[in-house]
2 protein chains.
Amino acid sequence: MTDASAGMRYSHAMPATEELIHQTLAKTLLAGRLAPGTQLVETRLAEIFGVTRERVRKVLHRLGHERLLDVVPNRGAFVASPTLDQAREIYEARRIVEGGIVGRLAGRLSAAQIAALRAHSAREKQALRQGDRAVSIRLSGEFHSLLAECAASPLVLRQLQELVSRTSMLVAFFEPAASSECACEEHEAILGALAQGDTGRAIKSMHTHLSLIETRLTPRAATPLPLAAPEEELKRAWAAAQRGQRSAGKATPRKAAKR
Amino acid sequence: MTDASAGMRYSHAMPATEELIHQTLAKTLLAGRLAPGTQLVETRLAEIFGVTRERVRKVLHRLGHERLLDVVPNRGAFVASPTLDQAREIYEARRIVEGGIVGRLAGRLSAAQIAALRAHSAREKQALRQGDRAVSIRLSGEFHSLLAECAASPLVLRQLQELVSRTSMLVAFFEPAASSECACEEHEAILGALAQGDTGRAIKSMHTHLSLIETRLTPRAATPLPLAAPEEELKRAWAAAQRGQRSAGKATPRKAAKR
DNA sequence: TGATCGCATATTGTGCACAATATGCCCTGA
DNA sequence: TCAGGGCATATTGTGCACAATATGCGATCA
């Protein structure tokens with residue numbers, strides 16, 4: 001998810017089962033479906049995913065490196081407990097990076113790009129007017145990704161996507177579950193400044209926009225989601241991931257070919 | 001080096017030998033002392049560093065994740081061969097990120113911070129006037145790090161340091177070995193705009209500054225450094241690292257004042 | 001002579017068994 | 001009843017042996 005495609009070179013045909021496990025776990029974590037603090041035991045995950053412990057181990061350490069898990073040397077891997085301080089850090093980083101993006105984009109966007117962004121913004125407004133909250137939230141997030149893509153910098157895009165991922169994990173815990181979408185007027189303000197090439201105003205708009213989102217986070221500590229047994233949650237996610245995977249010739253031939 | 005301190009939680013006393021190996025390899029790679037394309041064989045490194053192959057293996061994969069090595073699944077780890085395209089990507093990313101930093105900093109710097117930056121700039125100018133090239137290069141790079149630290153965002157700081165690291169690897173290969181330091185007038189221009197709170201001008205200064213550095217890279221492919229036997233080079237680096245480790249009782253003196 | 005196939009070898013990948021470590025429980029003593 | 005220490009156990013860390021894979025070289029044939 002974070003760097004599945006941009007990271008290692010698994011471009012050619014490979015048993016991507018390890019990659020699939022990583023995606024599954026990352027997606028589950030990012031959706032906030034696991035209670036913070038719960039330990040992910042290697043052997044347990046190994047039998048859930050039907051692989052050896054070493055495989056799980058590598059994935060766990062990688063997720064720790066990506067800050068989605070807290071991995072403590074001789075203790076294990078735990079679901080990260082996001083704090084409001086961390087949230088502030090993430091939003092500050094987004095202000096800087098996304099401010100840099102619009103600062104680079106101001107006055108350099110092609111007419112086609114501006115049109116595409118305007119069209120996206122219009123879709124946002126329509127979804128909002130129709131009260132379609134799920135679509136509205138998705139489109140609001142995509143606006144920022146779209147902006148990052150316009151910058152055409154793979155390195156910055158990767159970094160921003162990691163920040164956005166962690167943002168989504170945050171809102172899963174702190175958001176009051178009401179009005180979590182961006183106000184699309186703010187997006188339009190950014191767009192207007194960009195089209196005019198007004199660098200200063202574009203950046204200021206982006207800064208205040210992100211700050212407004214940040215203030216919506218509430219410091220409640222209790223986890224708002226059901227959070228049943230982590231085992232069941234992971235089993236379900238794994239089954240879905242495998243189902244979504246196209247038939248790659250072999251479904252689950254984990255220990256078939258042996259001596 | 002890239003995320004040695006900010007990454008895993010090895011805060012308490014640990015046999016940091018694995019971490020030390022990572023630092024040693026990273027530093028050697030970053031300095032460009034290894035010819036691009038040379039393979040780093042696990043068993044060979046294992047006996048050089050006096051550890052088991054698995055240790056080396058982990059470090060190698062980590063360096064691959066950090067893009068300092070090209071690690072190909074069933075082939076091995078190779079010293080990355082930087083291309084001019086990659087160089088362009090890195091400098092574009094730095095324009096965006098560092099543009100974001102100055103955009104965030106403009107008009108928000110304290111008098112003390114401005115004074116510190118001005119003092120640093122003065123040191124740069126003095127070193128340049130005295131013809132002290134080594135010091136001059138180091139100070140020029142530190143100016144950018146200093147700016148990033150003023151932004152007080154650990155996430156952005158980490159990202160930028162990775163970019164700066166890769167930049168230093170690039171110049172080791174492409175730089176014509178003459179006048180590789182930043183022109184300190186450009187730094188002063190950025191500083192002036194920052195002090196005045198002129199966001200647009202600060203960003204523009206930063207953009208042109210980085211672009212100017214980028215144009216100094218020459219597309220020669222031959223490696224300019226001696227590049228003796230990689231074995232000897234690594235043995236030397238390892239011995240130096242172990243020697244330096246002896247006296248380092250606590251933390252490295254690289255960290256400055258935090259918040 | 002040149003191209004191709006097959007084998008030998010060097011290198012990476014992985015499962016397994018065991019070691020190291022932390023945690024929680026129970027037992028003891030006042 | 002509670003504090004403290006030691007043992008049992010659950011979990012992670014690591015070395016090793018073997019399997020899988022790619023590469024290079026040489027033999028063979030047209």
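The structure displayed is predicted, hence computed values, not measured ones. Proteins get letters first, then strands, A, B, ... in listed order; numbering begins at 1 in each.
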Trainee: Please list, chain by chain and in numerical order, all residues satisfying ring pair (Phe, Tyr, Trp, His ring centres under 6.0 Å) with F78(B), sequence neighbours excluded.
Mentor: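 So F78(B) forms no ring pair (Phe, Tyr, Trp, His ring centres under 6.0 Å) with any residue.
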Trainee: For V56(B), run the side chain to side chain contact (heavy atoms under 4.5 Å, CB included) check against L40(B), V51(B), L25(B) and tell me which one passes.
Mentor: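 Exactly one option meets the side chain to side chain contact (heavy atoms under 4.5 Å, CB included) with V56(B), and it is V51(B).
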Trainee: Measure the distance from CD1 on I21(A) to P on dT14(C) and round it to the nearest whole Å.
Mentor: 12 Å
Trainee: Hey, is the side chain of Q39(B) poking within less than 4.0 Å of OP1 or OP2 on dA10(C), counting only N and O atoms?
Mentor: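 Q39(B) to dA10(C) OP1/OP2: no side-chain N or O under 4.0 Å.
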Trainee: Please report the distance, rounded to the nearest Å, between CZ in R57(B) and C1' in dT11(C).
Mentor: 10 Å
Trainee: Please identify each residue that fulfils salt bridge (charged side-chain N to carboxylate O under 4.0 Å, His left out) with E149(A), with sequence neighbours left out.
Mentor: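 Salt bridge (charged side-chain N to carboxylate O under 4.0 Å, His left out) list for E149(A), sorted by chain: empty.
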Trainee: Specify the separation, in whole Å, of atom CZ of R75(B) and atom C1' of dA10(C).
Mentor: 12 Å
Trainee: Contact list please: residues 43-54 of chain B against DNA chain C, heavy atoms, distance less than 4.0 Å, in numerical order.
Mentor: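 Listed by number, they are R53(B), E54(B).
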Trainee: Check the phosphate of dT14(C) against R55(A), side-chain N and O only, distance under 4.0 Å to OP1 or OP2. Yes or no?
Mentor: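 Affirmative; the distance criterion is met.
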Trainee: Can you list the residues that meet the salt bridge (charged side-chain N to carboxylate O under 4.0 Å, His left out) rule with E47(A), with sequence neighbours excluded?
Mentor: R44(A)
Trainee: Suppose we screen for salt bridge (charged side-chain N to carboxylate O under 4.0 Å, His left out). Which residues come up paired with R94(B), at least two apart in sequence or across chains?
Mentor: E98(B)
Trainee: Can you tell which of dT12(D), dT11(C), dT23(D) lies closest to the side chain of E42(A)?
Mentor: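 Out of dT12(D), dT11(C), dT23(D), the nucleotide with an atom closest to E42(A)'s side chain is dT12(D).
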Trainee: Without decimals, in angstroms, what is the distance between N74(A) CG and dA20(C) P?
Mentor: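 Atom CG in N74(A) sits about 12 Å away from atom P in dA20(C).
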Trainee: Go through the structure and list residues passing salt bridge (charged side-chain N to carboxylate O under 4.0 Å, His left out) with R236(B), not counting sequence neighbours.
Mentor: E233(B)
Trainee: L40(B) near the nucleic acid: base, sugar-phosphate alone, or nothing, with a heavy-atom cut-off under 4.0 Å?
Mentor: sugar-phosphate
